[in-house]
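Since the structure comes first, as structure tokens, the remarks are kept for the end.
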Amino acid sequence: MGKGLSNSEIAAVFSEIADILDLKNDNVFKIRAYRRAAQLIEGFEKPLSEVPDLEELPGIGRELAEKIWTLLKGEKLATLEKLRKEIEPGLLELLKIRGLGPKRVRTLNEKLGVKDLESFKQAVAGPEILELPGWGQKLVDDLKKSLGEFQKYSQRSRLDVAKVQAEEVVEWLKGAQGIERIEPAGSLRRRAETIGDIDILVTGKDANAVMEKFVGYPKVREVLSRGKTKSAVVLDSGIQVDVRFLEPESFGAGLHYFTGSKTHNIALRTLAKHKGLKISEYGVFRGAKRVAGRSEEEIYKLFGMDFIAPELREDRGELEAARTHKLPKLIELKDLKGDLQAHSEWTDGRNPISEIAARAKELGYAYIAMTDHSKSQRQAGGLSGGEMLKEWAEIDGLNRKLKGITILKGVELDILKDGGLDLPEKVLRQADIVLGSIHGNFNLSRAEQSARVLKAFSTGRVHVFAHPSTRLIGEREPIELDWEKIAPVMAKMKVAAEINASPHRLDVNGETAKYLKEQGLVFAISTDAHSLVGLQDMEYGVYTARRGWLEAQDVINTWGLSKLQKWLRERR
DNA sequence: GCCGTTTTCGGCCCGACTGTTTTCAGTCG
């Protein structure tokens with residue numbers, strides 16, 4: 001592993017600089033430039049070290065490019081070191097508390113000597129805070145509440161958790177009078193892997209009725225704001241939900257605006273400006289005249305663009321592709337003809353193979369791969385070569401009996417620390433499909449980790465690289481992998497990249513998938529189900545694939561059984 | 001700090017909501 005910083009680490013440096021500048025009340029546009037750069041870098045699909053000319057990136061000029069080079073060399077950034085000395089380090093954390101921005105934090109610091117979470121806690125409890133101009137009892141009470149929430153719920157929610165709660169709120173709101181359309185927007189609509197707040201847009205005849213209905217939702221723990229067109233609440237679960245009411249002629253514009261992403265919106269807005277148009281959440285305007293806004297299609301059309309699916313709206317080239325009519329025809333759930341990772345009671349799954357196969361058939365699949373663990377996964381009941389052969393014999397028997405579904409004889413094979421395979425090749429040769437997975441030694445360096453998987457793939461026995469990064473969302477960081485080196489070998493050895501559909505994993509993620517597709521790889525979207533319910537997670541894998549610009553043909557389990565089998569055998 | 005088919009200087013996205021105010025500051029998205 002080199003000492004240079006990764007993209008997300010560089011993004012974090014720029015975010016920190018922006019925060020400190022904010023606290024120092026520096027030039028807002030300079031601050032915006034740093035934040036914009038941080039966002040760009042965070043979502044950038046390949047390592048910045050491989051970008052020949054950083055200044056070509058939008059929002060990166062000479063100074064930021066130089067700073068990036070410094071960080072890539074593993075050197076410290078003088079700017080940041082200097083700025084850090086100019087403020088109390090504990091103040092940065094306070095900015096994350098709802099209701100506390102740079103101005104208030106600065107006031108607290110200057111007038112009351114607040115320097116971190118602890119001293120802030122004391123300040124809101126004491127009497128002096130109420131003497132500050134503009135600080136009343138209500139504000140202080142609100143800040144106390146946000147402080148409590150910050151300590152309890154500082155993380156974002158997983159996509160599946162947020163989606164279910166949003167759907168419940170939508171159902172409830174449909175009971176309000178005069179509702180015409182209701183649509184969740186925001187990162188949830190873009191199917192991002194984690195969700196901050198849930199945004200729901202509504203249009204109809206009676207805004208007041210909608211707001212009244214919303215704040216009366218039984219699972220509301222607290223109403224944060226209640227206005228004519230916008231209200232916000234916190235649910236019992238801790239998730240914040242915002243509801244906005246829009247007039248029908250503005251609904252498309254509002255939906256677009258609140259779906260984001262922010263960078264996508266800014267890019268489109270900039271384009272609009274060049275055409276003498278102004279975009280807001282109420283529509284697209286030429287002067288005072290609204291020229292579009294009822295639907296999103298209408299807005300994109302105005303700019304000569306095809307409709308851009310929400311999953312693509314991350315400012316990763318979608319506007320240009322829409323303008324030149326080169327957007328991908330994104331994969332859909334109905335394109336899937338099978339599931340390529342599932343576990344049975346032979347190892348750590350809950351159900352017998354027969355039940356899983358029956359459910360797969362109900363889901364409309366033509367095939368399902370049983371991929372129980374290999375022997376190193378002791379805690380999961382991993383199988384030895386002999387036991388694996390017995391499981392496959394059971395599958396042979398089931399396949400002779402079953403109609404309308406084919407069970408593939410698979411294995412989720414551990415890639416050992418040294419890159420060795422966890423079962424003998426002569427056993428693996430009898431499998432229909434072999435998934436290679438990492439389940440331990442997560443902390444190897446980038447070089448060691450990459451060499452490990454490359455050695456495993458060089459055997460030619462692995463068909464799919466399963467949950468490559470091994471990250472668990474909100475729980476475990478991804479391992480270090482050098483995709484620049486790994487992708488060409490996977491392409492040559494015909495190893496597909498898995499998009500693990502479990503909402504805990506979503507691995508590979510959308511950005512990586514987009515990059516790997518560009519390197520010529522194919523993909524498997526698999527649920528990794530350990531129960532019958534788990535088989536239904538496929539939708540989350542499809543969302544992730546769509547965020548990676550994948551089409552049906554890029555995904556091997558959209559193929560018919562015979563085409564898939566041919567691909568699986570071709571390497572022998 | 002970035003950027004340029006009106007500019008290498010002078011712009012940079014902006015509206016809603018709350019609280020503490022009598023017209024606005026701060027925060028948020």
Side-chain angles (χ1 to χ4, degrees), chain A residues 14 17-18 21-23 25-41 54-68 77 79 83 94-108 129-143 145-146 185-190 195-201 207 211 215 223-233 240-246 250 253-254 256-285:
Chain A
F14 287 170
I17 291 176
L21 291 174
D22 228 344
L23 285 172
N25 204 18
D26 208 307
N27 181 324
V28 289
F29 299 109
K30 184 164 152 187
I31 295 167
R32 194 178 291 170
Y34 274 109
R35 290 207 198 286
R36 200 177 155 217
Q39 275 182 328
L40 168 89
I41 295 165
L54 289 165
E55 284 189 55
E56 289 207 342
L57 302 179
I60 306 290
R62 171 189 277 239
E63 296 221 24
L64 287 179
E66 269 176 25
K67 289 187 169 74
I68 293 171
L77 205 56
T79 318
L83 284 172
L94 296 181
L95 291 172
K96 294 186 202 143
I97 296 172
R98 180 170 48 82
L100 273 191
K103 300 287 191 306
R104 285 176 184 154
V105 169
R106 218 154 67 94
T107 307
L108 287 170
I129 195 167
L130 290 166
E131 320 226 323
L132 298 171
W135 293 64
Q137 189 64 53
K138 183 69 173 67
L139 175 61
V140 173
D141 287 346
D142 283 352
L143 289 175
K145 269 188 204 157
S146 322
S187 51
L188 176 60
R189 183 159 178 251
R190 302 199 314 276
I195 310 299
D197 302 337
I198 296 172
D199 284 304
I200 297 174
L201 302 188
M211 294 302 150
V215 297
V223 177
L224 299 173
S225 65
R226 199 290 194 197
K228 284 204 265 299
T229 62
K230 185 201 161 184
S231 299
V233 306
Q240 181 176 329
V241 184
D242 294 1
V243 167
R244 290 180 170 80
F245 184 91
L246 292 150
S250 296
H256 182 265
Y257 181 88
F258 290 110
T259 295
S261 65
K262 207 168 201 170
T263 49
H264 172 91
N265 286 357
I266 289 171
L268 190 65
R269 213 170 285 204
T270 308
L271 236 144
K273 246 188 108 162
H274 287 281
K275 291 187 168 230
L277 298 167
K278 198 180 93 126
I279 305 185
S280 75
E281 61 261 55
Y282 300 107
V284 186
F285 296 88

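A/I60 comes within 4.0 angstrom of the backbone, heavy atoms only, and of no base. The residue A/R36 sits apart from the nucleic acid: no heavy atom pair falls under 4.0 Å. Using a 4.0 Å heavy-atom distance criterion, A/S280 is classed as making no nucleic acid contact. Residue contacts for A/Q137: at a heavy-atom cut-off of 4.0 Å it reaches the sugar-phosphate backbone alone, with no base atom in range.
Picking from B/dG19, B/dC13, B/dC17 the nucleotide with the shortest atom distance to the side chain of A/S225 gives B/dC17. Of the candidates B/dG19, B/dG1, B/dG15, B/dG15 carries the atom nearest the A/Y282 side chain, counting heavy atoms from C-beta on. Considering only side-chain atoms of A/K278, the nucleotide from B/dC13, B/dG15, B/dT18 that sits closest is B/dG15. Taking every side-chain heavy atom of A/T229 into account, B/dA16 is the closest of B/dA16, B/dG1, B/dG15.
Per the geometry, CD1 belonging to A/I17 stands 15 Å off C1' belonging to B/dC2, to the nearest Å. Atom-to-atom, CZ of A/R35 to P of B/dC13 comes out at 15 Å; the value is rounded to the nearest Å. If you measure from atom CD of A/E66 to atom C1' of B/dG1, you get 12 Å, rounded to the nearest angstrom. Between A/K228 atom NZ and B/dG15 atom P there is a gap of 17 Å when expressed in whole angstrom units. Taking atom CG of residue A/L277 and atom P of nucleotide B/dC13, one finds them 16 Å apart after rounding to whole Å. Between the NZ atom of A/K138 and the C1' atom of B/dC17 there is a distance of 12 Å, rounded to whole Å. Atom pair A/L188:CG and B/dG29:C1' shows a separation of 16 Å (rounding to whole Å applied). One atom, CG of A/L224, and another, C1' of B/dG19, lie 14 Å apart when rounded to the nearest Å.
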Is there a side chain to side chain contact (heavy atoms under 4.5 Å, CB included) between A/L94 and A/L108 once you walk through the steps? CA-CA 10 Å; A/L94 296 181; A/L108 287 170; 5.5 Å; no
May I have the step-by-step check of side chain to side chain contact (heavy atoms under 4.5 Å, CB included) for A/L57 and A/L64, ending in yes or no? CA-CA 10 Å; A/L57 302 179; A/L64 287 179; over 6 Å; no
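Atom C1' of B/dT7 sits at a distance of 14 Å from the matching atom of B/dC2, rounded to the whole Å. Comparing B/dA16 with B/dT22, their P atoms are spaced 23 Å from each other, to the whole Å. Nucleotides B/dC17 and B/dC12 have their C1' atoms positioned 25 Å apart, rounded to a whole Å. Taking atom C1' in both B/dT6 and B/dG10, one finds a spacing of 14 Å when rounded to whole Å. One C1' atom belongs to B/dC14, the other to B/dT21, and the distance between them is 22 Å to the nearest Å. Look at the P atom in both B/dG4 and B/dC13: the space between them is 13 Å, to the nearest Å. For B/dT20 and B/dG26, the P atoms lie 14 Å apart once the distance is rounded to whole Å.
Residues satisfying the side-chain contact (heavy atoms from CB on, under 4.5 Å) criterion with A/R269, sequence neighbours excluded, are A/Y257, A/I279. In terms of the side-chain contact (heavy atoms from CB on, under 4.5 Å) criterion, residue partners of A/T263 (sequence neighbours excluded) are, by chain and number, A/Q39, A/S261, A/D315. The side-chain hydrogen bond (donor to acceptor under 3.5 Å, both in side chains) search around A/R190 returns A/E314, not counting sequence neighbours. With sequence neighbours excluded, the residues forming a side-chain contact (heavy atoms from CB on, under 4.5 Å) with A/L224 are A/R98, A/E222, A/A232, A/V234, A/Q240, listed by chain and number. Residues satisfying the side-chain hydrogen bond (donor to acceptor under 3.5 Å, both in side chains) test with A/S250, not counting sequence neighbours, are A/R290.
Comparing A/L64 and A/R269 against DNA chain B, the residue whose closest nucleotide sits nearer the 5' end is A/L64. Residue A/L57 is the one, among A/L57 and A/V140, whose nearest nucleotide of DNA chain B lies closer to the 5' end (criterion: closest heavy atom).
Nearest approach of A/M211 to A/K228, heavy atoms of both residues: CG-O, 3.8 Å.
For the atom pair CD1 (A/I195) and CG (A/L188), the distance works out to 5.0 Å, reported to the nearest 0.5 Å.
The base of B/dG29 is paired with the side chain of A/Y257 by a donor and an acceptor separated by under 3.5 Å.
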Can you give one letter per nucleotide of nucleotides 21-28 of chain B, 5' to 3': B if a protein heavy atom sits under 4.0 Å from the base, S if only from the sugar-phosphate, - if neither? -----SSS
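With a 3.5 Å ceiling on both atom-pair distances, the Watson-Crick or G-U wobble partner of B/dC28 is B/dG15.
Applying the side-chain hydrogen bond (donor to acceptor under 3.5 Å, both in side chains) test to every pair with at least one member in residues 129-140 of chain A, sequence neighbours left out, gives these pairs: A/Q137-A/D141, A/K138-A/D142. Residue pairs satisfying the salt bridge (Lys or Arg N to Asp or Glu O under 4.0 Å) criterion with at least one member in residues 25-37 of chain A, sequence neighbours excluded, are listed as follows: A/D19-A/R35, A/D22-A/R35, A/D26-A/K30.
With its glycosidic angle within 90° of 0, B/dT7 adopts the syn conformation.
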So which protein nitrogen or oxygen atoms get under 3.5 Å of nucleotides 7-12 of chain B's nitrogens or oxygens?
none

